[in-house]
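The structure under discussion appears below in the form of structure tokens.
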Amino acid sequence: MSIPATQGLLRVALPAPLRREFDYLCPQPLPAPGCRVSVPFGNRTMTALVLSHPADSDFDVTKLKSIGAILDPEPILAEAELRLLAWATQYYLHAPGEVYFQALPTLLRKGEAAAYRSTAYWHLLDAEASVSAQAIKQQQALTLLRQGPLTAGELEIRGISGAILQALAKKQLIEKRERLPEPADWYTAATEVTADDKPRLTTEQALAVSLIQSAQGFSPFLLEGITGSGKTEVYLQIMEPVLRAGKQVLVLVPEIGLTPQTISRFQQRFKVPISTLHSGMNERERLDAWLSCRDGSTAIVIGTRSALLTPFARLGMVIIDEEHDTSFKQQDGFRYHARDLALLRARQLDIPIVLGSATPSFESLHNAAGGKYQLLTLSQRPGTATVAEHLLLDSKHVQMHAGLSPQLLQLLEQELSKGNQVMLFLNRRGYAPALLCHDCGWLADCERCDAHYTWHRHSSRLHCHHCDHQRPLPPVCPGCGSQQLVGTGLGTEQVEQALSGLFPQYGIIRIDRDNTRRKGSFQQHLDGIRNGKYQILIGTQMLAKGHHFPDVTLVAMLDADGALFASDFRATERFAQLYIQVAGRAGRASKPGRVVLQTHQPEHALLQDLANQGYHHFAHSALQERQAAALPPFSFQALFRAQAARADQVQTFLQQLVQQLLPGLPSSVLCLGPLSAQMERKAGQYRYQLLLQAGNRRELAAACRLALAIIDTQASARKVRWSLDIDPVEL
Ligand code: ADP
């Protein structure tokens with residue numbers, strides 16, 4: 001039956017984990033693709049996104065339902081963005097609704113209007129206002145507000161808490177006023193976009209800047225620069241002509257990299273509106289920032305992974321800092337890689353894209369070697385900052401004190417006595433990673449995971465770091481009643497305790513997820529480090545990224561052995577990246593730095609390579625090994641993961657899938673599994689996986705499509721939770 005002339009068909013995406021689109025009837029005139037509509041679905045009403053106006057439906061048109069209401073008079077996503085998301089749906093073979101809705105802020109998913117709401121802004125009441133020199137934060141707040149009104153959220157991300165604002169309000173220096181954000185016309189105003197105090201570029205920086213600036217259209221660059229070599233300065237300078245031309249710039253940073261320090265560097269340089277987009281924002285702030293990207297009233301957007309999916313009115317350049325960071329890959333739901341999608345977006349828009357890192361991912365190095373990216377290198381630090389000296393300390397036959405060798409303690413003492421700061425890294429929080437009964441051998445194991453509880457001595461609790469389950473420390477051994485419960489292995493709490501006994505005269509701060517939970521506490525700790533309250537800094541990788549502490553002259557990694565023997569083939573790449581990242585914390589200013597690594601394998605080729613030849617050399621040899629083993633980036637992978645409360649259900653599902661899949665696979669596609677996940681049981685779920693690997697993406701995608709078609713027919717699929725991860729970064 002045909003459709004009445006007064007009506008038309010809409011194909012829409014619905015936010016549901018179903019790998020298909022849905023058709024609805026709609027009265028003419030039809031809303032354009034990119035508009036939201038409300039539709040009946042089952043016995044609910046849902047918000048849907050219009051994708052196209054098909055001429056016909058695969059379904060019986062007489063049975064199609066009509067939409068409820070049109071929610072947007074104009075499309076909220078433009079054609080280019082819809083194309084990007086359509087491509088992502090195909091590439092990641094994921095439910096279209098989840099892909100498209102990922103690009104919308106929560107409030108729009110819920111059906112709210114795509115419009116600004118008036119927001120409370122803090123205003124300066126007196127341009128001359130000042131406070132006493134001791135009130136550093138209050139002064140900072142006044143300085144910020146002198147440049148224009150800001151919201152409490154914008155101030156918070158710059159390190160100004162609500163309490164500081166209240167204190168200033170009480171002194172009647174500032175005031176909160178509600179208003180709609182004014183559409184900024186930074187791109188029409190003929191004002192200069194930058195402040196004028198720029199450093200003189202080093203030769204390497206100048207070369208990088210001029211090559212990027214002379215690029216026409218889509219041109220991907222890989223900027224490989226050692227920590228402190230001035231990559232950020234390169235970003236700032238290449239952005240300038242883009243902004244001057246009225247185009248927007250998107251800067252993607254890792255989850256942990258969006259610090260007040262990062263933002264203030266951009267703010268100090270540019271006189272144009274800057275927005276941030278990150279997970280710490282509330283729903284309203286996110287929507288407002290999203291709207292300001294879309295209507296072009298913000299010039300620079302600094303954001304984490306999901307900022308890539310934001311619509312832009314006039315995007316002119318994309319920069320991805322720390323491009324190797326795994327937080328760019330989403331690990332659940334729609335498992336996209338923001339770096340890979342960013343490249344696609346830049347190609348679509350025909351604009352330059354710059355990937356920067358001290359430790360580029362093997363994928364990017366491989367692309368640079370193959371000529372897909374132009375490689376730009378910064379091998380030196382500007383000015384007097386020197387590159388650190390690397391020491392490998394042999395832990396074999398050495399009597400350790402809480403994981404610290406006498407030689408390391410001596411080195412710490414030397415630096416501390418000179419008034420310097422030292423930094424110790426251990427990627428394990430808590431006091432000890434296991435609790436053991438010295439009398440009967442009982443071990444505190446998590447009931448729901450194949451893992452030991454970590455003993456947290458401060459809180460006197462046992463904590464499973466895999467399923468987050470916690471319980472109080474047992475007073476005696478539940479096995480034999482003995483009181484001899486002891487921790488085995490080393491966590492950050494233990495290192496902190498040992499060092500405070502050994503060096504009581506110095507301030508010690510531990511930085512890990514346990515003691516940075518409270519809002520603002522991370523910032524407080526960082527301030528304490530910078531103003532010299534602490535000399536000994538202990539932390540997990542939270543402390544490794546992006547922070548610049550001029551007085552740190554020694555950094556030590558307490559335990560490197562785990563990473564050398566891990567089963568994931570990417571473990572050494574990650575270790576090398578972390579090591580270089582950590583090493584980059586030493587000697588960033590004029591003081592020379594030292595990097596110490598404690599290991600039982602000082603002669604290990606990888607460690608020797610890293611310590612003596614640096615990351616690029618290491619990566620080159622490691623890439624040859626990957627090539628010999630035909631592992632990514634020399635091949636492509638897809639991973640089917642499945643889990644259920646019963647192991648046999650998961651095994652049956654994957655075994656049946658393999659049986660039906662194998663006859664349809666060409667010999668060039670490798671099918672490995674079902675294998676148990678690294679941790680078979682987690683949070684009470686048994687986890688297995690099936691890995692597909694192929695020499696080209698087309699064959700891999702075809703194999704995945706075949707597997708998905710088989711799963712659609714499998715009854716056993718309904719008893720498990722399964723997912724498909726294209727280009728997985730963790731196996
Ligand atoms: P990276 O991003 O590579 O770690 P940064 O851009 O943060 O390096 O630069 C490290 C330090 O060197 C910063 O304090 C920065 O201001 C300074 N810097 C960068 N480029 C120059 C330059 N050409 N001359 C002087 N100082 C510079």
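These figures come from a predicted structure and were not determined experimentally. Every number for a ligand or one of its atoms is a count from 1 in the order of the listing. When a residue number appears, it is its place in the shown sequence, counting from 1.
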Proximal candidate to atom 13 (C) of ligand 1 [heavy atom criterion; set R200, K198, E233, R265] | R265
Would you check if there is a donor-acceptor pair between the side chains of E323 and S364 at a distance under 3.5 Å?
-> yes
Measure from atom 3 (O) of ligand 1 to every heavy atom in R381, K231, Q237, Q205 and give the option owning the shortest one.
-> K231
Does an N or O from G228, backbone or side chain, lie closer than 3.5 Å to an N or O of ligand 1?
-> yes
Between T326 and R574, is a side-chain hydrogen bond (donor to acceptor under 3.5 Å, both in side chains) present by the stated rule, with each step listed?
-> CA-CA 9 Å; T326 46; R574 301 259 182 278; 5.0 Å; no
May I ask you to check whether P382 has an N/O atom sitting below 3.5 Å from an N/O atom of ligand 1?
-> no
Do T232 and ligand 1 have an N or O pair less than 3.5 Å apart?
-> yes
Taking only residues two or more places apart in sequence, or in another chain, which ones meet Y615 in a side chain to side chain donor-acceptor pair (under 3.5 Å)?
-> Q577
For T202, counting its heavy atoms only, list the atoms of ligand 1 lying under 4.0 Å from any of them.
-> 23 (N)
Scan for ring pair (Phe, Tyr, Trp, His ring centres under 6.0 Å) pairs involving residues 518-544, sequence neighbours excluded, and state none if there are none.
-> F522-H547
Carboxylate-amine/guanidinium contact E233 R269, below 4.0 Å | yes
Which atoms of ligand 1 have any heavy atom of S229 under 4.0 Å away?
-> 3 (O), 8 (O)
May I have the step-by-step check of side-chain hydrogen bond (donor to acceptor under 3.5 Å, both in side chains) for T227 and Q581, ending in yes or no?
-> CA-CA 7 Å; T227 354; Q581 189 80 248; over 6 Å; no
